[in-house]
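Just below is one structure, and these are the notes that go with it.
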Amino acid sequence: MRLQAKYKWLPTPFRTILLFAVWLLLNNSVSPGHLILGAVLAIVIPLSIAPFRKPQPLILRPGLAFKQLLIVLWDIITANVEVAIKILGPSKRLRPGFIKVPLDLKHDLPITMLASTVSLTPGTVSAEVYPIPESLPQGQEPEQRFLLIHVLDMGDEQELINSIKSRYEAPLKEIFQC
Amino acid sequence: MLEHVLLIVFAMIGVSLVLNLWRLIVGPSIPDRILALDTMYINTIALIILYGIGMQTQIYFEAALLIAMLGFVSTVAVCKYLLRGDIIE
Amino acid sequence: MMQHLITLPILLPLLAGIILLLPPCGKNLIIRRWTAMFMALLTLIASTVLLQQLLQGGPIVYAIGTWQPPFGIVLYADPLAVLLTILTSFLTLVTTIYASRGDDKKGSFYHPLTHFLLMGVNGAFLTGDLFNLFVFFEVLLIASYALLMHKTDKQTTKAALHYVVLNLVGSSIFLIALGILYGVLGTLNMADLATKVAQLQGDDIYLAKIGGLLLLIVFALKAALLPLHLWLAATYSRAMPAVAAQFAVMTKVGIYAMMRVFTMIFGDNAGELSGMATTWLWPLALVTLVVGAVGVLASEDLRRLTANLVIVSVGTLVAMVALNNEQATAVAIYYLLHSTVGCAAMFLVADLIGLQRGKVQDRLVNSRSVAEPKLLGICFVLCAIALAGLPPLSGFIAKLWLLDAAWESKIAWVFWPIYLIVSLATLVALSRAGTSLFWHDNPQQDEQFEDAVYAGKRRSFAVLLMLAVPVLMTVFAAPLTEVSQHAAATLHNTQVAVDTVFALAKGQ
Amino acid sequence: MTLLWIPLLSLIGSLLASFTGKLSRNQSAIITAIMPILGLALVLSLAPDVLAGETLYSSLPWIPELGVNLSFRLDGLALLFCLLILCIGLLVILYARYYLSENDSMPKLYAYLMLFMTAMLGIVTANNIIQMWFFWELTSISSFLLISYWSHKPEARKGARMALAITGAGGLALLAGLVLIGQLVGSYELDVILQSAEVIKSSSWYPVILVLVLLGAFTKSAQFPFHFWLPHAMAAPTPVSAYLHSATMVKAGIFLLARFYPALAGTELWFIIVGVTGLTTLLVGAYIALFKHDLKGLLAYSTISHLGLITLLLGLDTQLATVAAIFHIINHAIFKASLFMATGIIDHETGTRDMRKLNGMWRYMPYTATLAMVAAASMAGVPLLNGFLSKEMFFAETLHQQMLGSMSWLIPVLATVAGALSVAYSARFIHDVFFNGEPKDLPKDPHEAPRYMRVPIEVLVAMCVLVGLFPAFVVDPILSVASNAVLAGDAPDYKLAIWHGFNLPLFMSAVAVAGGLFIYSQRKYLFQFQASLPSVNAKRAFDAGIQQVMTWSREQVLRIENGSLQRYVFILLLSALVLAGLPLFEMHTLAGSKGLSDIDAHNAIGAALLMIGALATLVWHRSRMVALIMISVVGLMTSVAFSRFSAPDLALTQLTVEVVTVMLLMLALFFLPQRTPKESSSIRILRDLGISSAIGIVIGSICYAVLTRPHESISQFFVANAKTGGGGTNVVNVILVDFRGFDTLGEITVLGIAALGIYKLLLNLPLFMPASDSEGRPWARERHPLLLASISQSLLPLAIMVSVYIFLRGHNLPGGGFIAGLVTSIAFILQYMANGSNWIRARMDINYRKVIASGLAIATLTGMGSWLFGRNFLTSWFDYFDIPLVGKTELASAMIFDLGVYLTVVGATLMILASLGKLTAETPKEKVNL
Amino acid sequence: MFEWIIAAFLLAGGAFILIGSIGLVKMPDFFMRLHGPTKATTLGMASLLIAANVYFSVTNGEVNIKEILISIFLLITAPITGYMLIKSAIHHDLKAREDTKGLDKIEDD
Amino acid sequence: MELLYASCVGLLVACGVYLILRARTFPVVLGLTMLSYAVNLFLFSSGRLQINKAPVLGQSAGYADPLPQALVLTAIVIGFAMTAFVVILAIRGRADLGNDHVDGQPRSKKGS
Ligand code: NA
Ligand code: NA
């Protein structure tokens, strides 16, 4: 795990790339002018708002990250078809429920990414990360975090927990090396 | 053909909006209404995009983009209010 | 530089506001005060030079951004407008001096806000574009909202809430009126509107009429014309006196707007629409006069009394506006200058009196006297004389001229009795106020004034500066009446105004 | 300009006097006297010419537009009055020096007295009637100050106020009358007016003019029924009374009658009004005088009575009566001044003026007593004294009256009765004070007054005697020129002599003296009779009257101005409804000539959502949270409508503003009580529904009328010039930053000021922070939800990128500084929400005030920059540059202007929300139960 | 050919959006209602935006993928919206369908 | 369409006015917001309704009247500033006056 980037002028390389892409997308152009401007902005903007960044683990395995992204995208598509069918079907047959997934991840950003992934994929919505800081004594860090998830149609609870941990949490741990 | 498809899709979005409005009015709870409103934001993006295709103009793209961005902020703010009362503390 | 002079009464206060927010003014109160005074003085000088320029030549038109009328926004300066910017700059200067004794510390941003207010008011006077007028109205309103809440207590907050909500509704009405007028006439430049109104046909006339009448509502609300006057007494009497003194000019913005719009756009050339405001203004003005006088009699403290005097002056002014002739306008101009300064001075005097009477403040009860009876007594008497329209101060000239103008307009039989009785009520109320404030069964000894706040040099200077105006307006009555008449003549010569504006368009 | 100096010297005297505070009393008196002495010398130096029949003029233009000039005239009447005013004034100065106690401020009295003298001299020398009115009102003001000299006495304050109110009212009437005269005659110059008598009298306005002018004169001269203020003015120090009520103040009214005699008199109306008023006043004054126990009260009513006499004389239809009137003006001034002074001495030396206590003063102050008795005898009209002469003339003139037709004999009879009454009260004055046994419970041991205090009385009494004995020698010259002035040059022949032989007037005098003595001897019965009558206290009645007016006013104001915003708004809206609604009825058809366009489903759904949203907001407005959600729908649909109807910029703006507005409303939700109690009555709800639907219908109709009309506007110009003149293809943006950049400058100023104002509002704001929501649920403990915090951090650079994009493209495509500014702000607000304001402040300590100011400065200076190139404010500049790699790029000053807009928006929005956030972060949540 | 692609994406998008909204109306409790809009709509929007991209790429004659940005935004924000909504629902003690499992896992906030 | 648009404007005005006439600050603020939507739509309509004619040069065949759009934009911004102020003023009023009645004190049922 690394919290600080290699170069001071590039505190968040992945983000800079994203911003650069966004600029080109916004302008729908790859003209030299926009390439230059986009690059400048993509570097300057993160720098100028650097103070707002809480130190978070950096993406250290970009390749894996890309692969994971594609997996998630695929899951989103299939999940949506699945959910659509469930919605159209009789709702009485659905078996809703809450599950609590114990997390190995410790840092906010990876947890957030996991929660987002969960929310976007099959019939699950992240509801809460336990324990909330306010329930702990002042300044104390939580030892074990849990993710509370609402499931639209739940089969075997443990199986679901395992699949979330293996399919989504493990790669994240790998990507962030934490 | 595209015109007809557009009409059909437009009808779908229209029905969606009406359904959103239904949930918005019926509630029953506040979170239900916020959810309905949030959905309505997104459906409005769809409406604007469709409109752009229909009118062959991209001039409304930014409006859609901003709804996507800002609808989120509104919803978050309302939820924050429900949770904490004070949205900026 | 001289060709841009007309922008200075707007831009100088704007710059002042900006400078006063930035270092070194932002942090250091002393520098801030002196800068504020200096900038107000500069604005006053610029306005005065502008007036001089106007009196030598005709009205001046200035195209912002070099965009010719009717497309761009123009500034239009005639003697009336510039007299009013002079008045406003003067009031700002004096109140700034007055507040620099410590009132400016009671809340934040006093100095920038007064300059923003000045900018809004001057902009409203100088603009030749109807929508731009709306914008400047908003500038002056928002600045006034903020200033009203400078020093707060329960009653101020309530008064401010009412004032703000009413004006927000008023702004909405303004926008609707603008929408109608643009929708029918397709333009916003006042001179162009005047030309287009004259060419209206069919039902469009009535739409334009609705637009005009809605504008009238907005201006009447600003001017505090009955029945839209209800906010004024509470607002002005609750505002910090230095602020109230500056506010004394704000009702006049409404009256100025009436004069401008209903002589230029819906003036004599407007065909079926000409004089449409008069039907409403005349009776309302008279009732305003009476209600103002009743308010004056009913007032339980000096600030409220002064606020009601503002209403009286509004009634008087609007009556003159309703007559819609040159003579009446000339009187209105003279009276406007006089009454505004008079009321402003009285607000300041009321403050000083209140500061020296402990808990009773400026309430009109026989309880304790002031610590500086001589200074405040003289100031009060001068204000009272000016406001009651007694000699030797300028009020009597205004009074005489008002009667004169009413006679010439053949409405003496109704205006005279009402006006004279109102004058009497004012006199009675002021004399009662003075006797209760200054005279007591047991004049206090010096040691009883421990809690009294003395006027001090700066505040005394400010008040005396203000009071010099009615004196000078009496001594120099001849040139002033001449300028007023010139201003009135220019205002009523709509064709010249329209031609001046369009000469600019052709010139480019 | 010699004549100007007559009042001017006194004015200088007034100033001089006010600066004598540090000097001794003698010095103060001497310095004060210098100027009137000079004035007197001046008048005397001019007197020969006037006595020779000349009228002196001088004039100075003042307000030519209004016909007001400083013009003076000195004719016989003016000379007479000048002499009276100055001479008696000087005597009063001397007298007052001794009268005032150590505690009283000498300079104050002298300054006021001299001011008053100025005013009086101004009245009598004025040749412009407006100028005359100017000084007339000045007498009201200065007498107000004089009467209230002892302001610690309630009766002095009330007396002064009453005098001011009555004479002020009269002054206003007079002004009206004078303006009318001026309008009729075409000039305010007295010369012209006096020569235009016919114009005035033949005008249909004559009765009005007469009544108005007379109202002025009668109030000032305390004529019935306006007489009641005068006795209460006696609360003034005696020197003041001596001056005001003998020679000056009250004589001003008489002077006015005399001055306008040539122009206004000579008609039936004049004689009836003036004569009857004078007669009534004469009798009423004399009768009441008899019952006053207060010496000054007696003199006050006697003054009223004598003023009535003079008025009556002026109202009589003979020229000789007028001469008599002027003669009596002189005589009354002399004896009344001396009587007041004598009274002052008695009061000064005994401590009381109550005749029931004062008895046998002859023994203690024989010298003063002698003087007082002579003066009183003059007042009673005893032969060999001046009072006798004018009274004889008066009696003689009453005999020639036809004023009351067949009942005209009543006039001499009533005159005799009045004469008798005046003898009676004079007798009372003499007998009751100087004789009539021993004094009772005097506060002081009585003795003679200081030597010099008596000098003024001596002088005046000497004059009584001199005039009485040698009238032809002493007063004839001045009397005749004065009469000539009043009668416009044709004074009749008359003979001033002590003895006219045995005639009816002499008989009347004898009857009067005998009757008077008889009345006095039988006073016991008269007093009993008077005591049985209900007593009317004029002051109390007047005060009660004023009080009633005030109370009534207060009630009205409280009724109308009831402090209810709902009412104020209702009135405003109703006014708008009426003014906008009425012309609608005048229209023939609402729809214009432009055809309607079709409704498509797109619009129908949008409209339905908008309408249902609006109605839902209304229906649920008491469940505030729901209403807030519903109004968001309206806002969203409004922006959809904008994009639907070809206004992408508006749609963007509306969307961004909407978010911030909702946040503000949420703040309101939190800090305001969360429930709206049901408190409107059904009638109120119905009324409100009525007016709101009416307004909705009216505005909707107008909107429909506008929409269906063909449209011609100036905007083709903008479309045509946006690219070539403004350098941008987004016409709306070019209008905003260029064509109408001035509006935008104003608009961002508004935004900046709003932020400053809100900052002010939040200063020292004691917040109510509820510890639970409206349903009593305590707030969640988690301040900053984890997921939100980290996602918002990722969104921040993205949002800023978007705002840069929107900013840069604004000039050519929808977007611009304002929207970009709001997007940036919202991105930061999200940070505030997610992480709290303390967290933000620790990382970004930006002073938003400076951001706002810089934004405004950039915009303003960009505009002013064009001055450097000799162009008008806000003239834009743009050009295209070929930049390597980047290609053709436009640079425009409008972009810099837009940057100013951007900064102001960011600064203002963040200032608003951040300062509130700061406040709440510092305030602990209270356990407030709602 | 492009027309078919566009039409397919449009129809798919419309259908997903409609289904999401149907879910919003049809589901018995708040927690279940949440699933429809947050997911179905996200995908529906993506389809629509792809259709728009293709359409404008074709009509403008150049590659146009800027609409995809909106999708990126929605993908990032939708989970947070759902998370915040469910948090407030829990805070408001909204009743879940009776047979919902694991209600005991919800802690007091 | 014109009729529909005008009806929307009229309804918004009516709802706004009704809310402004309420006795508590929150509904009044809501009403002002609503009224400003209505007013903006009204002012916008003075340029008439045009579909697909955004006044951006080169984007469409004809152009809608850009001026009312610019005016409405200014009006929106000013309205926003004013709404912000009135909201904070209402909060201040609640703090100073102790309740949210627009007149500072709840009246008896009869009075209001
Ligand atoms: Na006696
Ligand atoms: Na320009």
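Keep in mind that this is a model prediction, so the values were computed, not measured. Labels below follow one simple rule: chain letters A, B, ... track the order of the sequence lines, proteins then strands, and each chain is numbered from 1.
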Check: F/Met34, F/Lys53, F/Gln59, F/Gln69: which one forms the most heavy-atom pairs within less than 4.5 Å of chain D?
Finding: F/Gln69
Next item on the list: Decide if the gap between the ring center of D/Tyr704 and the ring center of F/Tyr5 is smaller than 6.0 angstrom.
Entry: no
Notebook entry, point to check: Do F/Arg92 side-chain atoms and D/Leu762 backbone N/O form a donor-acceptor pair below 3.5 Å?
Noted result: no
Item checked: Value rounded to 0.5 Å, distance of CG in D/Asn730 from CG in F/Leu57 -> 8.5 Å
Check: Taking atom CG of D/Leu736 and atom CG of F/Leu73, what is their separation to the nearest 0.5 Å?
Finding: 5.0 Å
Notebook entry, point to check: Within the side chain of F/Asp103, is there an N or O that forms a donor-acceptor pair under 3.5 Å with the backbone of D/Leu565?
Noted result: yes
Next item on the list: Counting only heavy atoms closer than 4.5 Å, note whether D/Leu763 contacts chain F via side chain, backbone, both or neither.
Entry: backbone
Margin query: So for D/Leu665, is it side chain, backbone, both, or neither that comes closer than 4.5 Å to the heavy atoms of chain F?
Written below: both
Item checked: Side chain / backbone / both / neither for F/Val9 at chain D, heavy atoms under 4.5 Å -> side chain
Checklist line | Under 4.5 Å from any heavy atom of chain D - which part of F/Tyr18 | finding: both
Check: So do the side chains of F/Leu12 and D/Leu610 get within less than 4.5 Å of each other, counting heavy atoms only?
Finding: yes
Margin query: Is D/Phe570 close to chain F through its backbone or its side chain, or both, or neither, when contacts mean heavy atoms under 4.5 Å?
Written below: both
Notebook entry, point to check: Is a salt bridge present between D/Arg624 and F/Asp100, judged by a nitrogen-to-oxygen distance below 4.0 Å?
Noted result: yes
Check: In Å, rounded to the nearest 0.5 Å, how long is the span from CG of F/Asp96 to CG of D/Leu765?
Finding: 7.0 Å
Next item on the list: For the pair D/Gln566 (side chain) and F/Leu21 (backbone), establish whether a donor and an acceptor sit closer than 3.5 Å, ignoring hydrogens and angles.
Entry: yes
Margin query: On a heavy-atom basis, which atom in D/Gly700 and which in F/Ala6 lie closest, and how many Å separate them?
Written below: O-CB, 3.4 Å
Checklist line | Which portion of D/Ile685 sits near chain F, non-hydrogen atoms under 4.5 angstrom | finding: both
Checklist line | For F/Ala70 against D/Ile735, the heavy-atom pair lying closest together | finding: CB-CG2, 3.4 Å
Check: Heavy atoms, side chains only, cut-off 4.5 Å: are D/Phe739 and F/Leu67 in contact?
Finding: no
Margin query: As an exercise, state the distance from CD1 of D/Ile702 to OG of F/Ser45, rounded to the nearest 0.5 Å.
Written below: 10.5 Å
Margin query: Is any side-chain heavy atom of F/Leu49 closer than 4.5 Å to one of D/Ser597?
Written below: no
Item checked: Check: F/Arg22/D/Ser680 side-chain N/O donor and acceptor closer than 3.5 Å -> yes
Check: Do the non-hydrogen side-chain atoms of F/Thr74 and D/Arg740 ever get within less than 4.5 Å of each other?
Finding: no
Next item on the list: Name the member of D/Ile599, D/Leu650, D/Val750 that forms the most heavy-atom pairs with chain F at distances under 4.5 Å.
Entry: D/Leu650
Next item on the list: Output the option from F/Gly58, F/Ser46, F/Ala38 having the highest count of non-hydrogen pairs under 4.5 Å with chain D.
Entry: F/Ser46
Notebook entry, point to check: Is NZ or CZ of F/Arg94 both nearer than 6.0 Å to the six-membered ring centre of D/Phe671 and within 45° of the ring axis?
Noted result: no
Next item on the list: Compute whether any side-chain donor of one residue and acceptor of the other, for D/Ser646 and F/Gln50, lie under 3.5 angstrom apart.
Entry: no
Next item on the list: Below 4.5 Å from any heavy atom of chain D, which atoms of F/Pro27 appear? Answer side chain, backbone, both or neither.
Entry: side chain
Margin query: Could you check whether D/Glu658 and F/Tyr37, counting side-chain N and O atoms only, form a donor-acceptor pair closer than 3.5 Å?
Written below: yes
Notebook entry, point to check: Quick one: are D/Val719 and F/Pro55 in side-chain contact, heavy atoms under 4.5 Å?
Noted result: no
Item checked: Pairs of heavy atoms under 4.5 Å with chain F: top-ranked of D/Gly728, D/Pro677, D/Ser692 -> D/Ser692
Checklist line | Region of F/Phe26 in contact with chain D, defined by heavy-atom distances below 4.5 Å | finding: both
Next item on the list: Decide whether F/Asp65 and D/Ser713 meet the rule of one side-chain donor and one side-chain acceptor closer than 3.5 Å.
Entry: yes
Check: Is it true that a side-chain atom of F/Arg24 and a backbone atom of D/Thr676 form a donor plus acceptor pair closer than 3.5 Å?
Finding: no
Next item on the list: Pick one of side chain, backbone, both or neither for F/Leu11, based on which atoms fall under 4.5 Å of a heavy atom in chain D.
Entry: side chain
Note to self: For D/Leu573, which atoms come within 4.5 Å of any heavy atom of chain F: side chain, backbone, both, or neither?
What the structure shows: side chain
Item checked: Flag if over 12 foreign heavy atoms under 6.0 Å of CZ, D/Phe645 -> yes
Margin query: Only pairs of heavy atoms separated by less than 4.5 Å count here; which of F/Val28, F/Leu3, F/Asn40, F/Ile20 has the most with chain D?
Written below: F/Leu3
Item checked: Heavy-atom closest contact (D/Ala754 atom, F/Phe85 atom, distance) -> O-CD1, 4.1 Å
Checklist line | CG on F/Asn99 to CZ on D/Phe768, rounded to 0.5 Å | finding: 9.0 Å
Check: Counting heavy-atom pairs under 4.5 Å to chain D, which of F/Leu41, F/Val29, F/Thr83 comes out on top?
Finding: F/Leu41
Margin query: For the interface with chain D, which of F/Ala84, F/Ala90, F/Ala64 has the highest count of heavy-atom pairs at distances below 4.5 Å?
Written below: F/Ala84
Next item on the list: Pick one of side chain, backbone, both or neither for D/Leu615, based on which atoms fall under 4.5 Å of a heavy atom in chain F.
Entry: both
Check: Between F/Tyr63 and D/Val731, is any pair of side-chain heavy atoms under 4.5 Å apart?
Finding: no
Notebook entry, point to check: F/Val102, F/Leu89, F/Ile76, F/Leu71: which one forms the most heavy-atom pairs within less than 4.5 Å of chain D?
Noted result: F/Ile76
Next item on the list: With the side chain counted from C-beta on, respond yes when F/Met1 and D/Asp598 share a heavy-atom pair under 4.5 Å apart, and no when they do not.
Entry: no
Check: If you count heavy-atom pairs under 4.5 Å with chain F, which of D/Asp600, D/Asn812, D/Ile697, D/Leu669 comes out on top?
Finding: D/Leu669
Next item on the list: Sort F/Val87 into side chain, backbone, both or neither according to what part of it lies under 4.5 angstrom from a heavy atom of chain D.
Entry: side chain
Item checked: chain D contact via F/Ile91 - side chain, backbone, both or neither, heavy atoms under 4.5 Å -> both
